[in-house]
Amino acid sequence: QHTASLVTKVFIQRDYSEGTVCRFQTKFPTELNNKIERALLEQTVKTLNLYYMEAEKVGGQSYLEGCLACATAYIVFFCMETRYEKVLKKISGYIQEQNEKIYAPRGLLLTDPIERGMRVLEISIFEDQGSSGSSPSSGMSSCSTAR
Amino acid sequence: MPASGGESLKPSAFIPVCTAVCLLVGSTSMFFVFTCPWLAVTICPAIPPCCAVLFLFVLANFTMATFMDAGILPVAGEDEDKEDEFRAPLYKNVDVKGIQVRMKWCASCHFYRPPRCSHCSVCDRCVEDFDHHCPWVNNCIGRRNYRYFFLFLLSLTVHMIVVFTFGLIYVLHHMEDLWKLHCLVTLVVISISGLFLIPVLGLTGFHLYLVSRGRTTNEQVTGKFQGGLNPFTRGCCSNMEHLICSPISPNYTSRSYKKAVIHVRPPFLRPEIDGQMPMKIRDNGIQSLAIQDKQSSAGSVELSDIKQLKHPPPLPPKPDRGLLKSQVAAMDDVGHHTKSIIPVSIPTVPQLRPVLEAISRGSSPIPPEQLLKASEQQGNNKGPDLCSNPRESPARGNHQASVPVQAPLLPSTVSSSLQLNSLTLSSRSLNLKHSSRYASNCAAGSITTSSMLANQSSSSGNGKPSFDNLISPADPQFVAQRGAPAVSYHSHLMAHGAEGAMQRPSPHSYSPVFMGVTRQSPQPRDSTSRDPSPSLPGFLQRDSSPAYHGLLTRDLQSQSIATRDVPPPGLLMRDMTSLGFQDNLRDLYPQDMTLPMSAAARYDNFSKTIMASIQERREQEERAGKFHVNARSQALYGPDVGIYDIPSRRSLPPDNIRPAGSRGPTPPAYGSREFLMSTGILGYGMRTSPLSSSSTSSLTRGPKTSSSPLQSSSSSLQSKGRSSSPAYGPPERHNQGPPTSTSTLPRLTSTTYPTPPYTSYATAKRSSLPFSSEGKESFPLGVLK
């Protein structure tokens, strides 16, 4: 029985080339060269970028939300979830799914950027520590994405 | 009202906000009670409801501005900052819409502040899109609550105008009963509203200006985009639209995270990069012109960058064009395969670095020593051949020309070269036939082709010891493959002479040899233009042929040989080798060349930072001398700067003299002249240069500071040259004095010292108006902030 332990963390930084909109760089970190295919990670990051773009879109729905909030003296915020929050939930589900399907089998784990203030996309790298005979302190067979 | 730093609620922080609430609610209540009934009766009954709605709007926005998190960024964990603090740059440059924006390292929060983010000294947190810390709401104004603050200002202005107007009407109608209670109360109300209307109006106008320009208060006061381009503005109307209608960004700090447990258990999957290439070799078939789109396109992209041809290669015979296309496709595979396998011993090691990285990622079945041996052998052997038979057969020339190129070779190279070896015995057309046949053979697999080539070479009997030697290395396939395209090209060179000829046709004739040999199915290429083909095969031909060709032509010209006499073979081979490899490698891995740069790019130009900081230090030292002269006269005009948190101006001139990262002496005491001069004048007088100089006083981030504000403030103040701007906790103010925030209020020492600068400024305003001579903008700002 093998255990995995956290080796290091790779941080994918924000891409500020378009301003302060939330985008992450699609540049492939060199630490993940032998861990995951480039295309997979790129696909994940691009999908996340699309989600964030959708969340931050200034359009009809956000305008209506603003008007409604003004009209109700912002009491509606206690009752209703904003669009951004809804998209964040979708993102969280997507990351969970990606972790289960793609990253955990490769010894990686994505952390939701919202936990880091949307500054970085954190990827934890785990390594096989060998048989279960090793000390328990170094072994970690599971980890949670939330803190 | 968020608690500041590590301290819990401070009573003094609530004074301005309580004052504001009392004034607002009290005055309006009195207006409604004493004035509105008469207004409803006399003027219009709709006045009180409208005023009530307006007042409700004011209160709602005020509440949101007060209680809503401004966009506080959570402190980064220790594992996010892996850089050695003493060596990591203080700044990181990032390109925002073409404009370089500097991200400063925040010592308290342990990350590089995103653009527009700033550290609030009162809250002791980095805030996104930081505007300012407002004492009247006792809250930071940032990305999430700026719209509420702005709407609060707007609605408050309107409300105050309304109250003032209607109160005035009431008083004017009751002049005879001026000393009655109702009138008195209304008089008080209109005096309060009239008095506060001026600064509120000024502040509203200021923020309207800011929104139209797409700036935050912090950026305006620090002069970040003064005279320059603001990358964050979207135009006046779009800015307004984004202000009001954009979605509210989420709260980062107080989120309830769902606990999702994911099991990470070995064994772990690993990407199958190594398996891809052999698959391609085996799957490749001459008959199938199915092109591996990715690789060929990648190859073509790389090849398009290669413009080394001085003279286009000779044209191939037309009937062979179809063959050429397939061969070109095969060449793509060759090039791609070549990409992954490159001997380390090639002279152009720096250029090979990205290639080496690729090798480390991929497979390198051929030991570098063997490859080098093979290439050397080829070089030695080819020399005499080239010398002796420049014209005898194109294939021979091709063989020899290809030899140096074969060094970074794939297993099938030997086969191709062997193929060419056999071709030397025949005419060109025969060569083409052989090459096509060879390509089909190559499709069978590298092993089979190599064996076939071995047979061919042995059977050639033409006395081409070079090719026999190709077989002898441990991996003849590897050696042979690379040679084929070059060989094919050179056949044309030799055959056609100096007329400008298509480069592609000649290689095309032999490209399938390589393509089939290597790994990919041949890819059709349109050999229509006379330029080197952008695909890898074209490149492969090019790297060998143009270089070789160029060499040839140069040599030929020097030797005045129109028929492409062969220069000294040894020299030629060496040149071919170096050039070919260089070209090959450089062109094959343009994207990989950027890999080593990626890490550097993240921390922009370190040397530039150093130079910039040195220059700024000098400037600041010079300026410190000047400021002492003008300190007294200008101290009065510094308050604006002090009012707003200016995180970027963190250093005092004396601090710049200290070495970076060291713990220097305590900054000048609060209220001292040097203190005022350094900060107030810096902030007010010169917006751009002193600020930039002060903010880059220290290169590195300095030692890590603890999370507590007291420690962080002290360490940041002393050691890092203001790497975290006002990361000073309130106690620090007592000891050292915040250099920026309260530096310009020398008169407000005793009573309002611990409070935020804006509050202290307001207190000063009430007691006396020392700064009334200043412009309106600064004045209301000081009052209301």
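Chain identifiers are assigned alphabetically (A, B, ...) following the order of the sequence lines, protein sequences preceding nucleic acid strands; residue numbering begins at 1 within each chain.
Contact annotation for A:F77: only side-chain heavy atoms (C-beta onward) come within less than 4.5 Å of a heavy atom of chain B. With a 4.5 Å cut-off on non-hydrogen atoms, A:A69 does not touch chain B at all. At a 4.5 Å heavy-atom cutoff, the contact between B:I248 and chain A is made by backbone and side-chain atoms alike. Residue contact with chain A, scored on non-hydrogen atoms closer than 4.5 Å, involves the backbone and the side chain of B:N61 alike. Neither the backbone nor the side chain of B:P231 has a heavy atom closer than 4.5 Å to any heavy atom of chain A. Proximity to chain B involves both the backbone and the side chain of A:Y63, based on heavy atoms less than 4.5 angstrom apart. Looking at B:R147, neither its backbone nor its side chain comes within 4.5 Å of chain A, counting heavy atoms on both sides.
When each of B:M64, B:R116, B:M103 is scored by its heavy-atom pairs under 4.5 Å with chain A, the top score falls to B:M64. Of the listed residues (A:G66, A:S17, A:A104), the greatest number of heavy-atom pairs within a distance under 4.5 Å of chain B belongs to A:S17. Interface summary for chain B: among A:R83, A:R119, A:E85, A:E100, the most heavy-atom pairs under 4.5 angstrom belong to A:R119.
Taking both residues in full, the closest heavy atoms of B:V96 and A:G19 are given as CG1-CA, 3.6 Å, listed atom of the first, atom of the second, then distance. Taking both residues in full, the closest heavy atoms of B:L73 and A:G117 are given as CD2-O, 3.4 Å, listed atom of the first, atom of the second, then distance. Of all the heavy atoms in A:Y84 and B:P250, the pair that sits closest is CE2-CD, 3.3 Å. The heavy-atom pair separating B:P115 from A:T20 by the smallest distance is O-CG2, 3.8 Å.
A 4.5 Å side-chain heavy-atom check between B:F111 and A:F11 finds every atom pair outside the cut-off. Put simply, the side chain of B:P247 does not reach to within 4.5 Å of the side chain of A:T82, judged on heavy atoms. Proximity of B:D95 to A:Y16: side-chain heavy atoms (C-beta onward) are nowhere separated by under 4.5 Å. Annotation: side chain of B:L151 is in contact with side chain of A:C70 (closest heavy-atom distance under 4.5 Å).
Separation of atoms CD1 (B:I244) and OG (A:S62) is listed at 11.5 Å; rounding is to 0.5 Å. Between A:Q13 atom CD and B:Y112 atom OH the span is 10.0 Å, to the nearest 0.5 Å. Between the OG atom in B:S249 and the CD atom in A:E56 there is a gap of 7.5 Å [rounded to 0.5 Å].
Between A:E18 and B:R234 there is no salt bridge, since no side-chain nitrogen of the basic residue lies less than 4.0 Å from a carboxylate oxygen of the acidic one.
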